[in-house]
Amino acid sequence: MSAIKNRSCLFPVFITFMSLTCAAAQNSYAFPPYNSTDAGTADTWAIEWRLGSSHSSDNDGENHANSLLARFNVGLPSHLEIISEFKYGGAPVKLDEMGMGLKWVPLHGAVNMGVEVLIAPPLEGENRAGVEAVYLASVYWGSWAMHMNAGGFSDERPARPERGWKAGYIIENDFGVLRPGAEIFGKGAESGESQAYAGFGVIIPIEAFDMRCGFDWGLNAASSAFIANIWVTGKRAPAAD
């Protein structure tokens, strides 16, 4: 993602805004280590890669789930970005979820606005797909940034198709040596009770790489009690002319 820059608008008061990760790809990390994403795209022809691991604990304190996560993005001209994400889990490890799509941010500057569309193709034993569309906005002021998402999804892969909504809010501060942030989010579908989480994350630049860690706590009985994730991310800049 593009670095936090061009921050010149007034910083609004903190808002509490429920966000959600896509039910078709639960707890996908669009903007690691957060569940929501920013309204920014990779530089033209730059390649971004992100490798991570996620651990979740259910409310009974005994059930645990671990996943391996990967994301690869390619920047295109006109503030477009090809995005992809993969989630592996189980024993033996297998591909549990995957999504591919496009992000477009036509309005960019102190305020960025755009849209992201993801398709979850059918995996083993499935013959239908899922899709989500999310509106994105990022606001920058000095070292502060806010990222807001709102959208919905339709997943035709389960025996009983699911449809729901999506929204999100992140606030972060860039201190140079690290970027801490906080997030509040939730998710819901027609077939079940909505889930709600609150968490925080930190991005630590280390030369050509970033280390990213995030922690989420469930706010209701339908949510996992605790989710933690850790990432290593990097970017390959386009070749000079």
Side-chain angles (χ1 to χ4, degrees), residues 12-39 52 54-67 69 71 83 85 87 89 96-99 101 103 114-120 123 126 128-139 146-172 181-201 214-229:
V13 258
F14 181 83
I15 357 172
T16 302
F17 190 86
M18 295 302 287
S19 86
L20 142 97
T21 56
C22 176
Q26 293 208 6
N27 295 318
S28 62
Y29 293 88
F31 173 36
Y34 305 106
N35 299 279
S36 309
T37 191
D38 64 339
S54 175
H55 170 87
S56 63
S57 177
D58 290 342
N59 283 302
D60 58 16
E62 296 180 359
N63 298 326
H64 305 278
N66 294 283
S67 301
L69 310 167
R71 288 184 58 85
I83 52 180
E85 57 183 46
K87 178 180 176 182
D96 282 343
E97 296 286 353
M98 101 180 258
K103 182 191 288 191
V115 64
E116 179 178 280
V117 177
L118 269 175
I119 295 175
L123 299 177
E126 301 171 341
R128 294 178 295 183
V131 62
E132 82 166 38
V134 184
Y135 291 103
L136 314 171
S138 291
V139 181
M146 295 187 308
H147 312 294
M148 293 159 281
N149 301 173
F153 65 86
S154 176
D155 190 2
E156 300 295 326
R157 296 173 299 169
R160 181 181 177 183
E162 289 192 326
R163 292 170 180 82
W165 52 269
K166 169 173 186 164
Y169 178 81
I170 301 168
I171 184 169
E172 60 172 346
E183 180 182 32
I184 184 166
F185 62 94
K187 59 186 176 184
E190 295 173 346
S191 60
E193 184 178 353
S194 297
Q195 300 178 25
Y197 296 88
F200 70 89
F215 307 91
D216 301 318
W217 287 268
L219 300 179
N220 63 355
S223 309
S224 297
F226 177 71
I227 302 172
N229 68 93

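Between Ile184 atom CD1 and Ile171 atom CD1 the span is 12.5 Å, to the nearest 0.5 Å. Rounding to the nearest 0.5 Å places OG of Ser36 at 11.0 Å from CE of Met148. To the nearest 0.5 Å, atoms CE (Met98) and CD (Glu85) are separated by 10.0 Å. To the nearest 0.5 Å, atom CD of residue Glu132 and atom CG of residue Asn149 are 9.0 Å apart. Atom NE2 in His55 sits 11.5 Å away from atom CG in Asn229 (nearest 0.5 Å). Taking OG of Ser56 as the start and CG of Asn66 as the end, the distance is 7.0 Å to the nearest 0.5 Å.
For Ser223 (side chain) and Ala196 (main-chain N/O), a donor-acceptor pair under 3.5 Å exists by modelled atom type. At distances below 3.5 Å, at least one donor-acceptor pair connects side-chain atoms of Glu183 with backbone N or O atoms of Asn35. Judged by distance alone, the side chain of Tyr197 and the main-chain N or O of Ser224 form a donor-acceptor pair under 3.5 Å. Between the side chain of Tyr34 and the main chain of Gly181, a donor-acceptor pair closer than 3.5 Å is present.
In terms of the side-chain hydrogen bond (donor to acceptor under 3.5 Å, both in side chains) criterion, residue partners of Glu156 (sequence neighbours excluded) are, by chain and number, Ser154, Arg163. The ring pair (Phe, Tyr, Trp, His ring centres under 6.0 Å) search around Phe200 returns Phe215, Trp217, not counting sequence neighbours.
Pairing each heavy atom of Leu136 with each of Ala39, the nearest pair is CB-CB, 3.8 Å. Considering every non-hydrogen atom in both Leu118 and Gly101, the closest pair reads CD2-N, 3.7 Å. Considering all non-hydrogen atoms of both residues, Ser194 and Gly188 come closest at OG-CA, 3.7 Å. Contact between Ser54 and Leu69 at its shortest, heavy atoms only, is CB-CD1, 3.7 Å.
Within 6.0 Å of atom OH in Tyr135, 12 or fewer heavy atoms from other residues, nucleotides or ligands are found, so the atom counts as exposed in its surroundings. Heavy-atom neighbours of Leu123 CG from other residues, nucleotides or ligands within 6.0 Å: above the threshold of 12.
With a 4.5 Å cut-off on side-chain heavy atoms, Asp38 and Ile170 do not count as touching. Contact of the Thr37 side chain with the Lys103 side chain is registered, since non-hydrogen atoms from C-beta on lie closer than 4.5 Å. With contacts defined as side-chain heavy-atom distances shorter than 4.5 Å, the pair Pro161/Arg128 qualifies. Contact check for Glu172 versus His147: side-chain heavy atoms found under the 4.5 Å cut-off.
Ion pairing between Glu190 and Arg160 fails under the 4.0 Å rule for side-chain N and carboxylate O.
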